[in-house]
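Below, read A as the first sequence line, B as the second, and so on, with proteins coming before strands; counting in each chain starts at 1. Worth knowing before you read on, the calculation uses all heavy atoms, side chains too, and leaves out hydrogens, waters and symmetry mates. All of these numbers come straight from a predicted model, not from anything done at the bench.
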Amino acid sequence: MLDPKLLRTELPDVAAKLEIKGFVLDQAKFSELENDRKTWQIEAEKLQNERNVRSKAIGQAKAKGEDVASLLQEVAELGDKKSAADARLSEIQDLIGALTNRIPNIPHESVPAGKDEEDNKEVLTWGEPKQFDFEAKDHVDLGEKDSLLDFEAGIKLSGSRFTVMRGGVAKLHRALIQFMLDVHSNEHGYEEVSVPFLVSPASLYGTGQLPKFEEDSFKISGERELYLIPTAEVPVTNLVRDTILSPEQVPQKMVCHTPCFRSEAGSYGRDTRGLIRQHQFEKVELVQIVKPEDSYAALEELTGHAEAILQKLELPYRKVILCGGDLGFSAAKTYDLEVWLPGQNKYREISSCSNCEDFQARRLQARWRKPGQKKPELVHTINGSGLAVGRTLVAILENYQQADGRVKIPNLLRPYLANEEFIN
RNA sequence: GGAGAGGUGGCCGAGUGGCCGAAGGCGCUCCCCUGCUAAGGGAGUAUACCCUGACCGGUAUCGAGGGUUCGAAUCCCUCCCUCUCCGCCA
């Protein structure tokens, strides 16, 4: 959520900045609602005050044993006017709420203009896309051997976009999770946390998935209203919901492995082959809760931590800064890391690292006590994948494939896999 | 599944119709005292919105939403959540 004060006082400026994101803010409608809100709020509060004054007088008169009949009559006359004003006011407030809840975050000034993926700006590339002296297969073909990637079984059990992994690939998948968690917690200073995979609507609202993106998530049936998490960002960032942190509790750096569930509504036909786009995938997520003045440094740091995994696994990648049009709802600035996939002969997203500034914090009511300042201040929240495990697995299969169809295990992963040299 | 208890400010915890935005304690901030890794005294200390140049002032908020009433933290209804005991189960 944006600062309501900012919306009221600098509406044209806010609207201009949101345009970079491809969001059209109906300024006329907003101002009109705001004006209405103001008049009706003043009216409603005035009437309420009149009633309060009289009610108090009744109490005092009764205490003294005086007659209260005339006062009672005065109050009765206020009734209709007041309930009409109240009704109008809450109607307007609902309309304003419905509008502001769906306004995305304002892009940071360093975010390039642009419409979609095509306009994202490359920041750097690392490593060289591998050249093979044979025809490179994609992970689907590589995984077919011994049904290490069993797409048929996934479909049988659950339908499209679900996959079963077996044997060496299942082990590699597990090894990757542990490797990532170890690097981030041991070398990068993150606290490892384990969280629920089902969350309340309040949690999804806090990080911005609700109310605008209801159709993207899986809601479970049952007496309780719960959703499967689309990313660990939701439960982990919500850890600071409704809390005021003391200065020594900031920054917080947390790493968390969870499965992620996405309905992928609206992406029918995209990436239908292979592991790239699944309804269920696993991810190791990095989250930082920081002081506002530190958040852009934290974004660079966190992105570097995600890059470190790719570098340790010796996977070629590039780093892009998302243009306004490609930026997510809650993000002010996002770096995507894209790993090289020989099977597709292109770079594919494997991590997305965002600074949400105080946008999520305002919805979460997550604040900290800034020394020397009376009011608690909203924190800034940073999150990023470190990394998407399924896609990392794809990258390893495709980048480490041999002419004979076998797949080498990256050096640093071998200790996790009984020091084997190849996946089998 | 059965039976109970409860949700109040940064935290703990009083408060069964008006004098309650809310006692008291803890914590925190400032001041005084004390010459020491301690204690004592005093003052202050919720959030949002409206009004004002500012001060003052106003409105709302005691889990959420409705209701009763001139007036609700307090009474009634519905919902949400937490806890305890029993049963069942990993």
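The side-chain contact (heavy atoms from CB on, under 4.5 Å) check on A:Ala16 picks up nothing, with sequence neighbours excluded. With sequence neighbours left out, the side-chain contact (heavy atoms from CB on, under 4.5 Å) criterion links A:Ala366 to A:Val240, A:Ala361, A:Leu364, A:Val379. Partners of A:Arg102 under the side-chain contact (heavy atoms from CB on, under 4.5 Å) rule, at least two apart in sequence or in another chain, are A:Pro211, A:Lys212. With sequence neighbours left out, A:Glu338 forms a side-chain contact (heavy atoms from CB on, under 4.5 Å) with A:Arg318, A:Val320, A:Tyr347.
The same atom, C1', is picked in B:C89 and in B:A48; the two are 47 Å apart, to the nearest Å. A distance of about 33 Å separates the P atoms of B:C86 and B:U16, rounded to the whole Å. Using C1' as the reference atom, B:C88 and B:A3 are 16 Å apart when rounded to the nearest Å. For the P atoms, the distance from B:G67 to B:U61 is 13 Å, rounded to whole Å. The C1' atoms of B:C50 and B:U45 are separated by 24 Å, rounded to the nearest whole Å. The separation of B:A73 from B:G9, taken at their P atoms, amounts to 15 Å, rounded to a whole angstrom. When the C1' atom is used for both B:A22 and B:G17, the distance is 15 Å, rounded to whole Å. The separation of B:G21 from B:G71, taken at their P atoms, amounts to 16 Å, rounded to a whole angstrom.
Both A:Glu45 and A:Ala76 sit near RNA chain B, but only A:Glu45 has its closest nucleotide nearer the 5' end. With the nearest nucleotide of RNA chain B identified for both A:Arg367 and A:Lys56, A:Lys56 has the one nearer the 5' end.
A:Arg273 has a carboxylate O that lies under 4.0 Å from a charged side-chain N of A:Asp138, or vice versa, which qualifies the two as a salt bridge.
At a threshold of 4.0 angstrom between heavy atoms, the contacts of A:Lys38 are confined to the sugar-phosphate backbone, with no base atom among them. Across all strands shown, A:Lys5 has heavy atoms under 4.0 Å from sugar-phosphate atoms exclusively, and none from any base. Within 4.0 Å of A:Ile42, counting heavy atoms only, lie sugar-phosphate atoms of the nucleic acid but no base atom. Within the 4.0 angstrom heavy-atom criterion, no nucleotide atom of any strand lies near A:Pro4. Within 4.0 Å (heavy atoms only), A:Ile244 reaches sugar-phosphate atoms of the nucleic acid but no base atom.
Both key distances under 3.5 Å define a Watson-Crick or G-U pair, and stretches of 3 or more such consecutive pairs in RNA chain B run B:1-7 with B:80-86, B:10-12 with B:24-26, B:27-32 with B:40-45, B:46-50 with B:57-61, B:63-67 with B:75-79.
Between the side chains of A:Tyr190 and A:His305, at least one donor N or O lies within less than 3.5 Å of an accepting N or O. For the residue pair A:Asn355 / A:Ser295, a side-chain donor-acceptor distance below 3.5 Å is found, with atom types taken as modelled. Side chains of A:Glu398 and A:His139: a donor on one and an acceptor on the other come within 3.5 Å.
Contact of the A:His279 side chain with the A:Phe218 side chain is registered, since non-hydrogen atoms from C-beta on lie closer than 4.5 Å.
In summary, contact between chain A and RNA chain B, defined as any nucleotide atom under 4.0 Å from a heavy atom of the protein, begins and ends at B:G10 to B:C81 in the 5' to 3' direction.
Distance alone, capped at 3.5 Å, places no donor-acceptor pair between the A:Arg369 side chain and the A:Ile244 backbone.
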